[in-house]
2 protein chains.
Amino acid sequence: MKYSKQRELILKTLQDNPIHPTADEIYQLLRCELPTISLGTVYRNLNQLSESGEVMKITGLDGSVHFDHNTYQHYHFICNKCNKVYDIPAELVPNIMTTVAEQTRMHISECELVLKGLCRDCQKLN
Amino acid sequence: MKYSKQRELILKTLQDNPIHPTADEIYQLLRCELPTISLGTVYRNLNQLSESGEVMKITGLDGSVHFDHNTYQHYHFICNKCNKVYDIPAELVPNIMTTVAEQTRMHISECELVLKGLCRDCQKLN
DNA sequence: AACAATAATAGTAATCATTACTACTTTTGA
DNA sequence: TCAAAAGTAGTAATGATTACTATTATTGTT
(Lines give C-alpha, C1' and ligand atoms only; values in the text may rest on other atoms or scores of the structure.)
Protein backbone atom coordinates (compact mmCIF):
# COMPACT_ATOMS: atom_id res chain seq x y z
CA MET A 1 0.00 0.00 0.00
CA LYS A 2 1.53 3.27 -1.12
CA TYR A 3 1.06 6.46 0.82
CA SER A 4 -1.62 8.84 -0.34
CA LYS A 5 -2.80 12.12 1.08
CA GLN A 6 -6.39 11.04 0.46
CA ARG A 7 -6.06 7.91 2.53
CA GLU A 8 -4.41 9.78 5.35
CA LEU A 9 -7.20 12.33 5.43
CA ILE A 10 -9.89 9.67 5.28
CA LEU A 11 -8.37 7.91 8.27
CA LYS A 12 -7.98 11.17 10.14
CA THR A 13 -11.58 12.18 9.41
CA LEU A 14 -12.79 8.85 10.74
CA GLN A 15 -10.71 9.23 13.89
CA ASP A 16 -11.84 12.81 14.46
CA ASN A 17 -15.49 11.93 13.94
CA PRO A 18 -16.27 8.90 16.05
CA ILE A 19 -19.90 8.91 14.93
CA HIS A 20 -19.62 5.70 12.89
CA PRO A 21 -20.03 7.52 9.59
CA THR A 22 -20.88 5.98 6.24
CA ALA A 23 -18.59 6.35 3.23
CA ASP A 24 -20.73 9.17 1.98
CA GLU A 25 -20.69 10.99 5.30
CA ILE A 26 -16.90 10.85 5.32
CA TYR A 27 -16.92 12.12 1.76
CA GLN A 28 -19.10 15.07 2.74
CA LEU A 29 -16.90 15.87 5.74
CA LEU A 30 -13.78 15.77 3.57
CA ARG A 31 -15.03 17.95 0.76
CA CYS A 32 -14.33 21.13 2.73
CA GLU A 33 -10.71 20.22 3.19
CA LEU A 34 -10.10 18.51 -0.16
CA PRO A 35 -12.84 19.52 -2.58
CA THR A 36 -11.54 17.41 -5.44
CA ILE A 37 -11.70 14.10 -3.59
CA SER A 38 -13.99 11.59 -5.20
CA LEU A 39 -16.52 9.32 -3.54
CA GLY A 40 -14.97 6.29 -5.23
CA THR A 41 -11.66 7.09 -3.58
CA VAL A 42 -13.37 7.18 -0.19
CA TYR A 43 -14.99 3.80 -0.77
CA ARG A 44 -11.80 2.22 -2.10
CA ASN A 45 -9.72 3.45 0.80
CA LEU A 46 -12.22 2.54 3.48
CA ASN A 47 -12.38 -0.95 2.08
CA GLN A 48 -8.59 -1.20 1.97
CA LEU A 49 -8.29 0.11 5.50
CA SER A 50 -10.85 -2.34 6.78
CA GLU A 51 -9.08 -5.18 4.92
CA SER A 52 -5.82 -4.24 6.61
CA GLY A 53 -7.53 -3.94 9.97
CA GLU A 54 -6.95 -0.23 10.44
CA VAL A 55 -10.66 0.52 10.59
CA MET A 56 -13.72 -1.57 11.30
CA LYS A 57 -16.60 -2.09 8.93
CA ILE A 58 -20.06 -2.25 10.51
CA THR A 59 -22.94 -3.81 8.65
CA GLY A 60 -26.41 -4.73 9.85
CA LEU A 61 -27.12 -1.26 11.26
CA ASP A 62 -29.39 0.02 8.54
CA GLY A 63 -29.17 -0.30 4.77
CA SER A 64 -25.68 1.10 4.38
CA VAL A 65 -22.25 0.26 5.71
CA HIS A 66 -20.73 2.31 8.50
CA PHE A 67 -17.11 2.62 9.57
CA ASP A 68 -15.51 2.76 12.97
CA HIS A 69 -12.10 4.08 13.95
CA ASN A 70 -12.18 1.85 17.02
CA THR A 71 -10.63 -1.47 16.05
CA TYR A 72 -10.75 -3.10 19.45
CA GLN A 73 -13.26 -5.93 19.61
CA HIS A 74 -16.59 -4.37 20.45
CA TYR A 75 -20.23 -4.30 19.43
CA HIS A 76 -22.87 -1.74 18.54
CA PHE A 77 -26.19 -0.38 19.63
CA ILE A 78 -28.34 1.78 17.38
CA CYS A 79 -31.15 3.90 18.78
CA ASN A 80 -34.41 3.43 16.92
CA LYS A 81 -35.37 7.04 17.61
CA CYS A 82 -32.29 9.21 17.12
CA ASN A 83 -30.39 6.66 14.99
CA LYS A 84 -27.20 7.33 16.91
CA VAL A 85 -24.76 4.43 17.03
CA TYR A 86 -23.18 3.59 20.38
CA ASP A 87 -20.22 1.34 21.12
CA ILE A 88 -20.78 -1.62 23.38
CA PRO A 89 -17.43 -2.75 24.80
CA ALA A 90 -16.86 -6.48 24.38
CA GLU A 91 -16.38 -6.81 28.15
CA LEU A 92 -20.04 -5.98 28.73
CA VAL A 93 -21.12 -8.89 26.58
CA PRO A 94 -20.93 -12.50 27.71
CA ASN A 95 -18.40 -14.45 25.68
CA ILE A 96 -20.17 -15.48 22.54
CA MET A 97 -17.55 -16.70 20.10
CA THR A 98 -15.91 -19.41 22.15
CA THR A 99 -19.19 -20.57 23.66
CA VAL A 100 -20.83 -21.01 20.28
CA ALA A 101 -17.68 -22.45 18.70
CA GLU A 102 -17.47 -25.11 21.41
CA GLN A 103 -21.08 -26.07 21.07
CA THR A 104 -21.33 -26.07 17.28
CA ARG A 105 -17.80 -27.09 16.26
CA MET A 106 -17.79 -24.29 13.73
CA HIS A 107 -14.57 -22.31 13.35
CA ILE A 108 -15.68 -18.82 14.27
CA SER A 109 -13.46 -15.94 13.29
CA GLU A 110 -15.81 -12.99 13.28
CA CYS A 111 -18.70 -11.89 15.41
CA GLU A 112 -20.93 -8.99 14.62
CA LEU A 113 -23.53 -7.98 17.15
CA VAL A 114 -26.04 -5.20 16.68
CA LEU A 115 -28.47 -4.28 19.41
CA LYS A 116 -31.40 -1.96 18.79
CA GLY A 117 -33.72 -0.06 21.06
CA LEU A 118 -34.00 3.28 22.82
CA CYS A 119 -30.90 5.04 24.07
CA ARG A 120 -30.87 6.74 27.45
CA ASP A 121 -31.29 10.22 26.00
CA CYS A 122 -34.34 9.19 23.99
CA GLN A 123 -35.87 7.37 26.96
CA LYS A 124 -35.96 10.67 28.85
CA LEU A 125 -37.84 12.41 26.07
CA ASN A 126 -40.92 10.24 26.47
CA MET B 1 -53.98 -7.56 5.39
CA LYS B 2 -56.06 -9.07 2.63
CA TYR B 3 -55.42 -12.53 1.31
CA SER B 4 -53.44 -12.91 -1.87
CA LYS B 5 -52.25 -15.98 -3.71
CA GLN B 6 -48.87 -14.33 -4.22
CA ARG B 7 -48.32 -13.79 -0.51
CA GLU B 8 -49.34 -17.34 0.29
CA LEU B 9 -46.88 -18.74 -2.24
CA ILE B 10 -44.08 -16.47 -1.04
CA LEU B 11 -44.57 -17.69 2.51
CA LYS B 12 -44.78 -21.30 1.37
CA THR B 13 -41.62 -20.96 -0.73
CA LEU B 14 -39.78 -19.56 2.25
CA GLN B 15 -40.99 -22.39 4.47
CA ASP B 16 -40.11 -25.06 1.91
CA ASN B 17 -36.64 -23.62 1.31
CA PRO B 18 -35.02 -23.03 4.67
CA ILE B 19 -31.85 -21.73 3.04
CA HIS B 20 -32.34 -18.15 4.22
CA PRO B 21 -33.01 -16.87 0.70
CA THR B 22 -32.92 -13.29 -0.50
CA ALA B 23 -35.97 -11.64 -2.08
CA ASP B 24 -34.51 -12.32 -5.49
CA GLU B 25 -33.88 -15.99 -4.72
CA ILE B 26 -37.49 -16.39 -3.67
CA TYR B 27 -38.55 -14.63 -6.83
CA GLN B 28 -36.50 -17.04 -8.95
CA LEU B 29 -37.89 -20.06 -7.09
CA LEU B 30 -41.44 -18.80 -7.59
CA ARG B 31 -41.22 -18.03 -11.28
CA CYS B 32 -41.69 -21.70 -12.21
CA GLU B 33 -44.96 -21.89 -10.34
CA LEU B 34 -46.26 -18.40 -11.02
CA PRO B 35 -44.37 -16.93 -13.98
CA THR B 36 -46.16 -13.57 -13.89
CA ILE B 37 -45.18 -12.72 -10.34
CA SER B 38 -43.14 -9.56 -10.07
CA LEU B 39 -40.05 -8.93 -7.99
CA GLY B 40 -41.63 -5.86 -6.44
CA THR B 41 -44.47 -8.03 -5.15
CA VAL B 42 -41.96 -10.35 -3.53
CA TYR B 43 -40.21 -7.46 -1.81
CA ARG B 44 -43.45 -5.84 -0.68
CA ASN B 45 -44.80 -9.07 0.76
CA LEU B 46 -41.60 -10.10 2.49
CA ASN B 47 -41.46 -6.71 4.14
CA GLN B 48 -45.09 -6.97 5.22
CA LEU B 49 -44.57 -10.46 6.54
CA SER B 50 -41.53 -9.42 8.50
CA GLU B 51 -43.42 -6.41 9.86
CA SER B 52 -46.19 -8.68 11.06
CA GLY B 53 -43.69 -11.12 12.52
CA GLU B 54 -44.52 -14.03 10.23
CA VAL B 55 -41.00 -14.16 8.85
CA MET B 56 -37.64 -12.87 10.04
CA LYS B 57 -35.45 -10.41 8.21
CA ILE B 58 -31.72 -11.02 8.41
CA THR B 59 -29.26 -8.24 7.67
CA GLY B 60 -25.53 -8.07 8.23
CA LEU B 61 -24.83 -11.32 6.39
CA ASP B 62 -23.52 -9.90 3.15
CA GLY B 63 -24.70 -6.96 1.13
CA SER B 64 -28.30 -8.05 0.71
CA VAL B 65 -31.14 -8.90 3.03
CA HIS B 66 -32.08 -12.52 3.66
CA PHE B 67 -35.31 -13.98 5.01
CA ASP B 68 -35.93 -16.75 7.45
CA HIS B 69 -39.09 -18.80 7.98
CA ASN B 70 -37.95 -19.54 11.52
CA THR B 71 -39.35 -16.80 13.74
CA TYR B 72 -38.15 -18.16 17.05
CA GLN B 73 -35.42 -16.02 18.58
CA HIS B 74 -32.17 -17.28 17.13
CA TYR B 75 -28.95 -16.13 15.50
CA HIS B 76 -26.94 -16.89 12.38
CA PHE B 77 -23.62 -18.19 11.21
CA ILE B 78 -22.39 -17.72 7.65
CA CYS B 79 -19.56 -19.83 6.26
CA ASN B 80 -16.87 -17.74 4.60
CA LYS B 81 -16.17 -20.54 2.14
CA CYS B 82 -19.50 -22.00 1.02
CA ASN B 83 -21.59 -18.98 2.05
CA LYS B 84 -24.22 -21.22 3.57
CA VAL B 85 -26.22 -19.67 6.41
CA TYR B 86 -26.76 -21.76 9.53
CA ASP B 87 -29.14 -21.16 12.40
CA ILE B 88 -27.68 -20.75 15.87
CA PRO B 89 -30.39 -21.44 18.46
CA ALA B 90 -30.64 -18.71 21.07
CA GLU B 91 -30.08 -21.31 23.80
CA LEU B 92 -26.49 -21.83 22.63
CA VAL B 93 -25.71 -18.16 23.11
CA PRO B 94 -25.19 -16.61 26.54
CA ASN B 95 -27.90 -14.09 27.36
CA ILE B 96 -26.90 -10.89 25.66
CA MET B 97 -29.90 -8.59 25.71
CA THR B 98 -30.61 -8.48 29.42
CA THR B 99 -26.93 -8.42 30.35
CA VAL B 100 -26.18 -5.47 28.12
CA ALA B 101 -29.44 -3.71 29.02
CA GLU B 102 -28.61 -3.93 32.72
CA GLN B 103 -25.12 -2.61 32.25
CA THR B 104 -25.87 0.17 29.81
CA ARG B 105 -29.40 1.20 30.85
CA MET B 106 -30.39 1.20 27.21
CA HIS B 107 -33.81 -0.21 26.36
CA ILE B 108 -32.93 -3.10 24.11
CA SER B 109 -35.66 -4.54 21.93
CA GLU B 110 -33.77 -6.26 19.14
CA CYS B 111 -30.58 -8.23 18.93
CA GLU B 112 -29.00 -9.38 15.72
CA LEU B 113 -25.96 -11.60 15.92
CA VAL B 114 -23.99 -12.82 12.93
CA LEU B 115 -21.04 -15.15 13.35
CA LYS B 116 -18.67 -15.87 10.50
CA GLY B 117 -16.06 -18.53 9.94
CA LEU B 118 -15.71 -22.02 8.50
CA CYS B 119 -18.56 -24.49 8.79
CA ARG B 120 -17.88 -28.11 9.69
CA ASP B 121 -18.24 -29.32 6.10
CA CYS B 122 -15.75 -26.79 4.81
CA GLN B 123 -13.30 -27.55 7.62
CA LYS B 124 -13.09 -31.14 6.34
CA LEU B 125 -12.21 -30.01 2.83
CA ASN B 126 -8.90 -28.52 3.91
C1' DA C 1 18.10 14.51 -9.69
C1' DA C 2 15.91 11.54 -13.34
C1' DC C 3 13.30 7.45 -14.27
C1' DA C 4 10.48 3.63 -14.71
C1' DA C 5 7.27 0.61 -12.27
C1' DT C 6 3.45 0.57 -9.73
C1' DA C 7 -0.27 2.20 -7.06
C1' DA C 8 -3.56 5.77 -6.45
C1' DT C 9 -6.69 9.35 -8.10
C1' DA C 10 -10.81 11.95 -10.19
C1' DG C 11 -14.55 11.55 -12.74
C1' DT C 12 -17.81 9.02 -14.94
C1' DA C 13 -20.44 5.03 -16.16
C1' DA C 14 -22.31 0.76 -14.75
C1' DT C 15 -24.32 -2.51 -11.49
C1' DC C 16 -27.06 -4.30 -7.87
C1' DA C 17 -30.62 -4.19 -4.39
C1' DT C 18 -34.55 -2.03 -3.26
C1' DT C 19 -38.47 1.16 -3.47
C1' DA C 20 -41.89 4.11 -5.85
C1' DC C 21 -45.42 4.73 -9.12
C1' DT C 22 -49.46 3.64 -11.93
C1' DA C 23 -53.15 1.60 -14.22
C1' DC C 24 -55.48 -2.56 -13.60
C1' DT C 25 -57.28 -6.68 -10.82
C1' DT C 26 -58.75 -9.25 -6.46
C1' DT C 27 -60.60 -9.61 -2.22
C1' DT C 28 -63.99 -8.69 1.10
C1' DG C 29 -67.88 -7.36 3.61
C1' DA C 30 -72.31 -5.08 3.17
C1' DT D 1 -74.06 -7.44 -6.82
C1' DC D 2 -71.21 -3.77 -5.82
C1' DA D 3 -68.05 -0.46 -4.10
C1' DA D 4 -64.07 0.32 -1.06
C1' DA D 5 -59.74 -1.15 0.03
C1' DA D 6 -55.76 -3.72 -0.71
C1' DG D 7 -53.00 -6.14 -3.87
C1' DT D 8 -50.67 -6.88 -8.43
C1' DA D 9 -47.53 -6.55 -12.66
C1' DG D 10 -44.57 -3.93 -14.92
C1' DT D 11 -41.72 -0.26 -15.25
C1' DA D 12 -39.19 3.70 -13.71
C1' DA D 13 -36.54 5.73 -10.15
C1' DT D 14 -33.40 5.77 -6.27
C1' DG D 15 -29.42 4.86 -3.39
C1' DA D 16 -25.26 2.50 -2.33
C1' DT D 17 -21.44 0.64 -4.21
C1' DT D 18 -18.16 -0.94 -7.70
C1' DA D 19 -15.87 -0.80 -12.27
C1' DC D 20 -13.37 1.58 -15.72
C1' DT D 21 -10.06 4.79 -17.72
C1' DA D 22 -6.95 8.25 -18.58
C1' DT D 23 -4.00 10.93 -15.67
C1' DT D 24 -1.10 11.79 -11.51
C1' DA D 25 1.63 10.67 -7.33
C1' DT D 26 4.78 7.70 -4.82
C1' DT D 27 8.81 4.95 -4.35
C1' DG D 28 12.98 2.50 -4.90
C1' DT D 29 16.74 2.55 -8.06
C1' DT D 30 20.19 4.32 -11.19
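Both backbone and side-chain heavy atoms feed into the values below; hydrogens, waters and symmetry mates do not.
- Between the Thr104(A) side chain and the Val100(A) main chain, a donor and an acceptor come within less than 3.5 Å of each other.
- Applying the 3.5 Å distance criterion, the base of dA8(C) shares no donor-acceptor pair with the side chain of Lys2(A).
- Checking the phosphate oxygens (OP1, OP2) of dT19(C), no side-chain nitrogen or oxygen of Tyr43(B) falls inside 4.0 Å.
- If you measure from atom CG of Leu34(B) to atom C1' of dT25(C), you get 14 Å, rounded to the nearest angstrom.
- Asn47(A) comes within 4.0 angstrom of sugar-phosphate atoms only, judged by non-hydrogen atoms across all strands, and of no base.
- Look at CE on Met1(A): it is 19 Å from C1' on dG28(D), rounded to the nearest Å.
- Going from atom CD of Gln6(A) over to atom P of dT9(C) covers 5 Å, rounded to whole Å.
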Verdict with reasoning, Phe77(A) to Ile108(B), per side-chain contact (heavy atoms from CB on, under 4.5 Å)
CA-CA 9 Å; Phe77(A) 170 90; Ile108(B) 298 178; 3.9 Å; yes

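- The nucleotide whose nearest atom lies closest to any side-chain atom of Tyr3(B) is, among dT18(D), dT28(C), dG10(D), dT28(C).
- Judged purely by distance below 3.5 Å, without hydrogens or angles, the side chains of Ser4(B) and Arg7(B) never pair a donor atom with an acceptor atom.
- Distance Asp62(B) CG to dT18(C) P: 9 Å, rounded to the nearest Å.
- Between the side chain of Asp87(B) and the backbone N or O of Pro89(B) there is no donor-acceptor pair closer than 3.5 Å.
- Rounded to whole angstrom, the span from the CG atom of Leu9(A) across to the P atom of dA10(C) amounts to 11 Å.
- With dG11(C), dG7(D), dA16(D) as the choices, the nucleotide that has an atom nearest any side-chain atom of Arg7(B) turns out to be dG7(D).
- Of the candidate nucleotides dT9(C), dG10(D), dT17(D), dT9(C) has the atom lying nearest to any side-chain atom of Asn45(A).
- Counting non-hydrogen atoms under 4.0 angstrom, Arg44(A) reaches a base of the nucleic acid.
- Comparing dA9(D), dT18(C), dT17(D) by their closest approach to the side chain of Val65(A) singles out dT17(D).
- Projected onto DNA chain C by closest heavy-atom contact, Gly40(B) and Ile10(A) fall at different nucleotides, the more 5' of which corresponds to Ile10(A).
- Here the P atom of nucleotide dA10(C) and the CG atom of Leu30(A) are 10 Å apart, to the nearest Å.
- In this structure, Thr41(B) contributes its side chain and Ile37(B) its backbone to no donor-acceptor pair below 3.5 Å.
- The nearest whole Å value for the distance from the NZ atom in Lys5(B) to the C1' atom in dT25(C) is 15 Å.
- Side chain of Glu25(A) to main chain of Thr22(A): a donor-acceptor pair is present (N/O by atom type, distance under 3.5 Å, no hydrogens or angles).
- Here the C1' atom of nucleotide dT17(D) and the OH atom of Tyr27(A) are 14 Å apart, to the nearest Å.
- Of the candidate nucleotides dT17(D), dG11(C), dT18(C), dT18(C) has the atom nearest to the side chain of Leu39(B).
- Phosphate contact (OP1/OP2 of dA10(C), side-chain N/O of Thr41(A), threshold under 4.0 Å): present.
- Under 4.0 angstrom from either OP1 or OP2 of dA6(D) there lies no side-chain N or O belonging to Gln48(B).
- Between dT9(C) and Ser4(A), a contact under 4.0 Å exists linking OP1 or OP2 to a side-chain N or O.
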